[in-house]
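As structure tokens, the structure follows; a few thoughts come after it.
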Amino acid sequence: MMRCRRAIAVTSCVLFALAWPGWNSGQNNSGQRPAPASARNSTTDLQIQSSVLRIEFDRNLHTRVVASFNSTPKPLTPFSASETVSGIGRTWRDFTLTSAHRETASDAFGTGERLSLTGKSGDLRKNISVTIYADFPSLAIFDVEYTNDGGIPLTIRGWSNHQYSLTSLSTARSPAFWSYQSGSYEKRPDWVLPLRAGFRQENYLGMNASDYGGGTPIVDVWRKDVGLAVGDVEPGPQLLSLPVSMPDARHARVAVRSTRDRTLEPGESFHTLHTFVSVHQGDYFRTLAEYRRLMMRQGFQMASAPDSAFGPIWCAWGYGRSVQLKQVYDTLPTVKKMGFSWVTLDDGWQNNYGDWAVDPKKFPHGDADMKALVDRIHAEGFKAQLWWSPLSAVPDSQLLKEHPDFLLLNRDGSKRKISWWNSFYLCPADRAVVEYHKALVRKILGEWGFDGLKLDGQHMNAVPACYNPAHHHKRPEDAMEALPEFFREIYETARSVKPDALVEFCPCGTAYSFFTMPHFNMSVASDPESSFQIRSKGKTLKALMGDNVPYFGDHVELSDGAIDFASTVGVGGVVGTQFVLPNLVKKRSKSDLTPERQKIFEKWLHIYKDKMLSRGEYLGDLYDIGFDRPEAHVIRKSGEMFYAFFARHWSGPIELRGLQNRTYHIVDYVNNKDLGSVHGPKATIPVRFNQHLLIEAQPE
């Protein structure tokens, strides 16, 4: 993956031209050409706008955000001190305007207009520039600089950008707001959720527990009519918070914050990160899709997946860590009969976390037994995948006895714990650690013959700062910043050994870091705690990664009722299971493949392989996952539209959005029911269903 810092070229405002349709910065609200500068209302010089977004400043450099969808300006926030800096016992909020100018900008993001303003607050000078690009009219990027113009040092305790408060609609019923939250927490909360009075979540992108942290640097809050998102566009992970709160029944608040301490010497300046605010209609999907498109301009490209990656998956995890080879061998005929494509050997094959040698009790002939297992899987017509948890090592591993210098150490010199496996972190910024993991990849795929890796662990989403003196880091944060590059090397090594290797990334309930996304070719619902999490995570990951990287809905046993294939199929996910044969286990569980469940599995596998909606285009902006009822998702494939509706109970009309101006034949393809014909582009049909309804709109 290439990464490029923005090389910004600017031209004097005298040369600025209105070069694209819908750009309004040279017009007033009436659409007329502006009056000469001497006669113009001075407030017009303190705003920047596109066809859908306007940022307005007052003379204290306070801002408000105005959305202009359907040519109707709608202030989303009141004027407020949205960009501030904090010191000891005070916060600088008001900066008296001293100058303003415009210029055209051309950089990695494209061509746009930039408004730059300067203000003073005592000895602190603030320079703020706001850029809106022609290719991204719904989004404004802020660059804020603070300079100490005084004669004594200033202690800075942090800064905040985009501190906005949204007011609910006067007619809004509860919930007034829905939100997308990007923090990672040990409780594994929903990423998409309604806001309630009293809610607050910090969304700190550093560590929120010993081994939980990281995320994508965006939060989004929306009403039924319009939404607002804030975040940063830096090309790597940053130690930021993106707090979202609802202090009372009428208001929701967002911000981007840093609490890094620094001393600003006389004449010295510092920049905040490049942050953004965007507006949208519908839910958060458009924000995330635009963010992905914006980051692609900086060199981010998602990985490519082999055709085999879209095959349904059976995983041996149902047998647990005590899995025996006989259980796997004896289950393969059923796996084959039911039509699965992949067999995954999960946690329990290894001697320990860290050494990653085969367990001699299960593989008495060592590597030869592992190769024999892979050969058998291939002989049955499957692809073989191996579970693995990089960057973890148990205290008594041979690896740590021989290489204690591999460890990531806390500030006090203690080892950092990975809770789930009672292991310790290894440092991804240490070159020897990287090479050790690359050698393991070559062994798993090259010597043992596996076709794919299942990378697993909540600790993979972020790492803490490393203070190990043996690593000679320039800064402790080197470890955090190196994590995406660590996974890039794993991914590239895997593809060098097997060009069609599948690399699945499962960060165990954490909110995924965008910066690792280019370095794997299968995302996963990652231990979902409900069917809604399967669907909302699918929507999120398809927005951030696109349609070419398969999304695995994880084992169906983790869904509502342990049988909800519809949620995965409906959002265009790959289906999978961890079923076990009851005669091969001692205890009953929801993973038991009873005759009744086997019939259900076979039905859904047939549906999945017949429709292959995982190869379609997910149209995430057609329905609002928060406010539209019933909840709806749409896949377009080969000219047909596939709708998935979800509700506990529903009786009434449903709207089929996204149709062309033609007639469609509507079929409930799960129950083989003909639902008649409709004519687009707008159509509704009356339906009644429990839990889900999956229908196909076939052009006539």
With a 4.5 Å limit on heavy-atom distance, are the side chains of [X] and [Y] in contact?
X	Y	result
Y284	T540	yes
L619	M641	yes
Y164	L228	yes
T577	E557	yes
K498	D451	yes
F340	P312	yes

In this structure, is the centre-to-centre distance between the rings of [Y] and [X] below 6.0 Å?
X	Y	value
F505	F487	yes
Y551	Y618	no
F645	W650	no
F514	F300	yes
H679	Y664	no

Parallel, tilted or perpendicular: rings of F579 and W314 (30°, 60°): tilted
Which label fits F565 and W604: parallel for a plane angle under 30°, tilted from 30 to 60°, or perpendicular past 60°? parallel
Which atom names give the shortest non-hydrogen contact between [X] and [Y], and what distance separates them?
X	Y	answer
P306	N521	CD-ND2, 3.8 Å
R535	S567	NH1-OG, 2.8 Å
G231	L242	CA-CD2, 3.8 Å
A697	L659	CB-CD2, 4.2 Å
P630	F646	CB-O, 3.6 Å

Review point. When you look at W222 and D624, which way does the side-chain contact (heavy atoms from CB on, under 4.5 Å) test go after all the steps?
Key: CA-CA 10 Å; W222 69 95; D624 183 329; 3.1 Å; yes
- Evaluate the side-chain contact (heavy atoms from CB on, under 4.5 Å) criterion for residues T568 and V556: first the C-alpha distance (whole Å), next the side-chain angles of each, then the deciding distance (0.1 Å), finally the verdict. CA-CA 8 Å; T568 295; V556 72; over 6 Å; no
Report yes or no: do [X] and [Y] form a side-chain donor-acceptor pair below 3.5 Å?
X	Y	answer
D564	H692	no
H280	D621	no
S174	R196	yes

Output for pair (F109 CZ, R297 CZ), nearest 0.5 Å, gives 9.0 Å
In this structure, OH of Y669 is separated from NZ of K611 (nearest 0.5 Å) by 7.5 Å
Taking the side chain from [X] and the backbone from [Y], do they hold a donor-acceptor pair closer than 3.5 Å?
X	Y	value
R293	D135	yes
S513	G214	no
D346	W317	no
H665	V667	no

For H274 and F142: C-alpha separation, side-chain torsions, deciding distance, then whether ring pair (Phe, Tyr, Trp, His ring centres under 6.0 Å) applies. CA-CA 6 Å; H274 290 86; F142 282 50; over 10 Å; no
task = May I ask you to check if R223 and F177 form a cation-pi contact, with NZ or CZ under 6.0 angstrom from the six-membered ring centre and within 45° of the axis?
result = no
Are [X] and [Y] ion-paired here, with the side-chain N under 4.0 Å from a carboxylate O?
X	Y	result
R188	D527	yes
E290	R286	no
D225	K74	yes

Exercise for the section: Report the C-alpha distance between I625 and S536 in whole Å, list the side-chain angles of each, state the deciding distance to 0.1 Å, and finish with yes or no for side-chain contact (heavy atoms from CB on, under 4.5 Å). Expected result: CA-CA 8 Å; I625 197 171; S536 57; 4.1 Å; yes
Which of K542, R636, K637 passes salt bridge (charged side-chain N to carboxylate O under 4.0 Å, His left out) with E617? It is R636
Tested for side chain to side chain contact (heavy atoms under 4.5 Å, CB included) against L139, the lone hit among L294, T131, V277, V279 is L294
query: For E700, does the CD atom sit with more than 12 other heavy atoms under 6.0 Å from it, leaving out its own atoms?
result: yes
Problem set entry | Heavy atoms from other residues, nucleotides or ligands near NZ of K224 exceed 12 (cutoff 6.0 Å) | no
Steps toward salt bridge (charged side-chain N to carboxylate O under 4.0 Å, His left out) verdict (D547, R615):
CA-CA 7 Å; D547 294 305; R615 303 305 301 263; over 6 Å; no
#### Entry: Pair I685-I695, side-chain contact (heavy atoms from CB on, under 4.5 Å): steps then yes or no
CA-CA 11 Å; I685 59 173; I695 61 177; 4.2 Å; yes
